[in-house]
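Below is one structure, written out as structure tokens; comments come after it.
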Amino acid sequence: AALTKPDLEGVRAVLRTARQQGAPGALARIDDRDTVYRAVTGVADRKTGRTISTLDRFRIGSVTKTFSAVVLLQLVDEKKLRLDTSVNHYLPGLLPDDGITVRHVLSHRSGLYDYTNDMFARTVPGFEAVRTKVFTYRELVKRSLRHARTNRPGAAYSYSNTNFVVAGMLIEKLTGRSVQTAYQDRIFEPLKLRDTFYVHPDTKLPGRHARGYLTPDTPGAALVDATRQTTSWAQSAGSIISTAGDLNTFLSALLRGKLTSAASLDQMQRWWKVNSNTSYGLGLRRRTLSCGVSVYGHTGAVQGYYTYAFTSKDGKRSLSAAVNTSNNGTVLNTMFGTLESAFCGKRAK
Ligand SMILES: CC1(C)S[C@@H]2[C@H](NC(=O)CCCC[C@H](NC(=O)C[NH3+])C(=O)[O-])C(=O)N2[C@H]1C(=O)[O-]
């Protein structure tokens with residue numbers, strides 16, 4: 001059934017609320033077939049007061065995981081990788097359990113502990129300790145393996161950044177090139193995502209961008225400008241920089257079958273139930289909204305930025321929304337409302 005018209009006023013109201021709840025700036029862009037809707041409120045830069053724009057680039061956090069999953073599914077299409085084969089077959093000796101397969105990793109069912117739990121237990125000290133650090137993939141996996149696994153391979157969903165660090169290692173091993181080259185050659189270039197970059201370990205966001213502000217754990221404490229960081233703690237799990245428009249192009253192309261075979265897109269959508277309205281496939285989330293419409297994409301949380309990037313089943317309507325703050329659960333929850341307004345339209349009065 002055709003979607004009801006997006007409720008742009010509803011999106012604007014959500015962004016205003018997010019700003020009242022502590023986001024310096026908020027933006028949203030809906031691409032609905034050939035119609036573009038834009039909404040912004042607040043500032044990209046608290047010092048200069050520059051108004052935020054949907055043209056501003058920002059860190060997309062774990063929306064990066066969908067890009068990494070797409071590259072690996074393209075390698076499946078090229079017969080270089082099998083989803084139900086052990087990770088250790090491709091990366092001998094990496095993991096302590098040969099039973100962990102590529103599919104377990106991409107669906108957060110490997111049981112590998114999330115090293116960021118330790119790293120960011122205390123938000124600002126944790127961030128300051130790593131913001132200029134450069135980690136190897138192996139160092140990050142090693143941090144994870146200091147802990148017991150959360151579940152037997154395949155037995156349960158347990159979100160872990162470690163899984164998409166392993167995904168990055170698989171990409172580099174199987175292509176013989178960096179993940180930056182893989183993203184650029186396989187996704188950014190073909191889709192002409194001119195505002196999308198993987199610059200790790202450079203700390204700067206290229207060109208026009210929103211500055212990101214980390215909310216400290218202490219209520220009322222001043223925001224911390226977190227814009228400059230290597231994001232080396234994240235890499236193939238969370239280091240891509242993009243814009244709302246490019247993310248909409250990416251997710252629409254993905255769901256319209258432009259990036260992988262139909263068989264691989266089906267594999268990405270073999271859903272594991274996370275809670276009553278959310279399921280996870282392979283680097284892809286499905287959210288079922290109050291109006292019964294399901295949307296497909298990912299969310300992201302990286303110091304200074306929250307992102308929602310989702311598209312309809314046929315890829316014809318996409319919404320990306322972002323705020324330039326993080327560690328503010330109220331704002332993260334409020335921003336879910338952009339999905340409701342974009343895909344469910346005006347609430348029936
Ligand atoms: C599951 C999530 C929300 S968390 C996960 C990943 N981001 C991280 O793991 C970083 C978490 C620390 C970020 C930091 N928080 C703290 O330090 C809290 N002590 C902040 O808010 O800036 C990402 O992105 N994912 C989101 C996702 O997939 O939606």
Side-chain angles (χ1 to χ4, degrees), residues 18 21-24 58-69 106-108 112-131 133 135 140 143-144 150 157-165 167-168 200 210-219 221 223-242 247 251 272 274-275 277-287 295-310 320-336 338-339:
Q21 293 168 338
F58 55 90
R59 297 189 190 283
I60 68 171
S62 289
V63 183
T64 303
K65 291 179 169 78
T66 309
F67 286 80
S68 298
L106 294 182
S107 56
H108 291 299
L112 292 171
Y113 179 81
D114 190 340
Y115 58 83
T116 64
N117 294 339
D118 310 334
M119 205 178 258
F120 302 127
R122 296 187 312 138
T123 301
V124 174
F127 167 64
E128 295 293 0
V130 302
R131 69 181 298 172
K133 275 229 172 73
F135 296 102
L140 297 175
R143 283 168 174 253
S144 167
T150 54
Y157 168 90
S158 177
Y159 188 99
S160 172
N161 286 294
T162 314
N163 289 315
F164 280 80
V165 167
H200 171 270
R211 299 196 69 83
Y213 300 95
L214 180 58
T215 305
D217 293 331
T218 317
L223 296 180
V224 172
D225 187 331
T227 312
R228 301 285 291 267
Q229 70 154 311
T230 60
T231 68
S232 201
W233 61 266
Q235 299 184 53
S236 42
S239 292
I240 288 180
I241 291 160
S242 190
L247 289 181
L251 285 171
W272 185 275
V274 172
N275 59 41
N277 56 24
T278 305
S279 297
Y280 203 92
L282 301 181
L284 191 67
R285 270 208 189 99
R286 180 183 69 189
R287 297 282 304 242
V295 292
Y296 305 79
H298 217 287
T299 41
V302 52
Q303 287 84 2
Y305 305 90
Y306 282 138
T307 304
Y308 281 82
F310 285 83
S320 287
V323 292
N324 57 351
T325 196
S326 65
N327 196 40
N328 180 331
T330 307
V331 165
L332 181 61
N333 294 337
T334 292
M335 288 297 284
F336 172 72
T338 57
L339 297 186

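We're numbering straight along the sequence, starting at 1. Atoms within a ligand are numbered from 1 in the order they appear, just like the ligands themselves.
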Measure the distance from [atom] to every protein heavy atom, then report the residue, atom name and distance (to 0.1 Å) of the closest one.
atom: atom 3 (C) of ligand 1; result: A301 CB, 4.0 Å
atom: atom 28 (O) of ligand 1; result: Y159 OH, 2.8 Å
atom: atom 15 (N) of ligand 1; result: N327 OD1, 4.1 Å

Are any of the N/O atoms in [X] less than 3.5 Å from those in ligand 1?
X: R122; result: no
X: K65; result: no
X: F120; result: yes
X: D114; result: no

N/O donor-acceptor pair under 3.5 Å between [X] side chain and [Y] backbone:
X: R59; Y: T227; answer: yes
X: Q235; Y: F135; answer: yes
X: T338; Y: M335; answer: yes
X: S239; Y: A234; answer: no

Can you tell me which portion of [X] lies within the under-4.0 Å heavy-atom range of ligand 1? Options are side chain, backbone, both, or neither.
X: F127; result: neither
X: V63; result: neither
X: N161; result: side chain
X: H108; result: neither

As an exercise, identify every atom of ligand 1 less than 4.0 angstrom from a heavy atom of [X].
X: T299; answer: 27 (C), 28 (O), 29 (O)
X: W233; answer: 8 (C), 10 (C)
X: T116; answer: 9 (O)
X: T123; answer: 16 (C), 17 (O), 18 (C), 19 (N)
X: H298; answer: 28 (O)
X: Q303; answer: 22 (O)

Would G300 count as a contact residue for ligand 1, given that I'm defining contact as a non-hydrogen atom of the residue lying under 4.0 Å from a ligand atom? yes

Taking a cutoff of less than 4.0 Å between a non-hydrogen atom of the residue and any ligand atom, is M119 in contact with ligand 1? no

Derivation and outcome, side chain to side chain contact (heavy atoms under 4.5 Å, CB included), residues T307 and F58: CA-CA 9 Å; T307 304; F58 55 90; 3.4 Å; yes

Distance-only side-chain donor-acceptor flag, [X] / [Y], under 3.5 Å:
X: T330; Y: Q21; answer: no
X: S236; Y: S68; answer: no
X: Y113; Y: D118; answer: yes

Can you classify the ring geometry of H108 versus F164 as parallel (below 30°), tilted (30 to 60°) or perpendicular (above 60°)? tilted

Do the rings of F120 and W233 sit parallel, tilted or perpendicular, given the 30° and 60° boundaries? perpendicular

Positive for side chain to side chain donor-acceptor pair (under 3.5 Å) with K65, one of T299, N163, N161: N161

Hey, looking at atom 6 (C) of ligand 1, which of S326, G304, P216, S62 has the closest heavy atom? S62

Could you list the residues that satisfy salt bridge (charged side-chain N to carboxylate O under 4.0 Å, His left out) with R287, not counting sequence neighbours? none

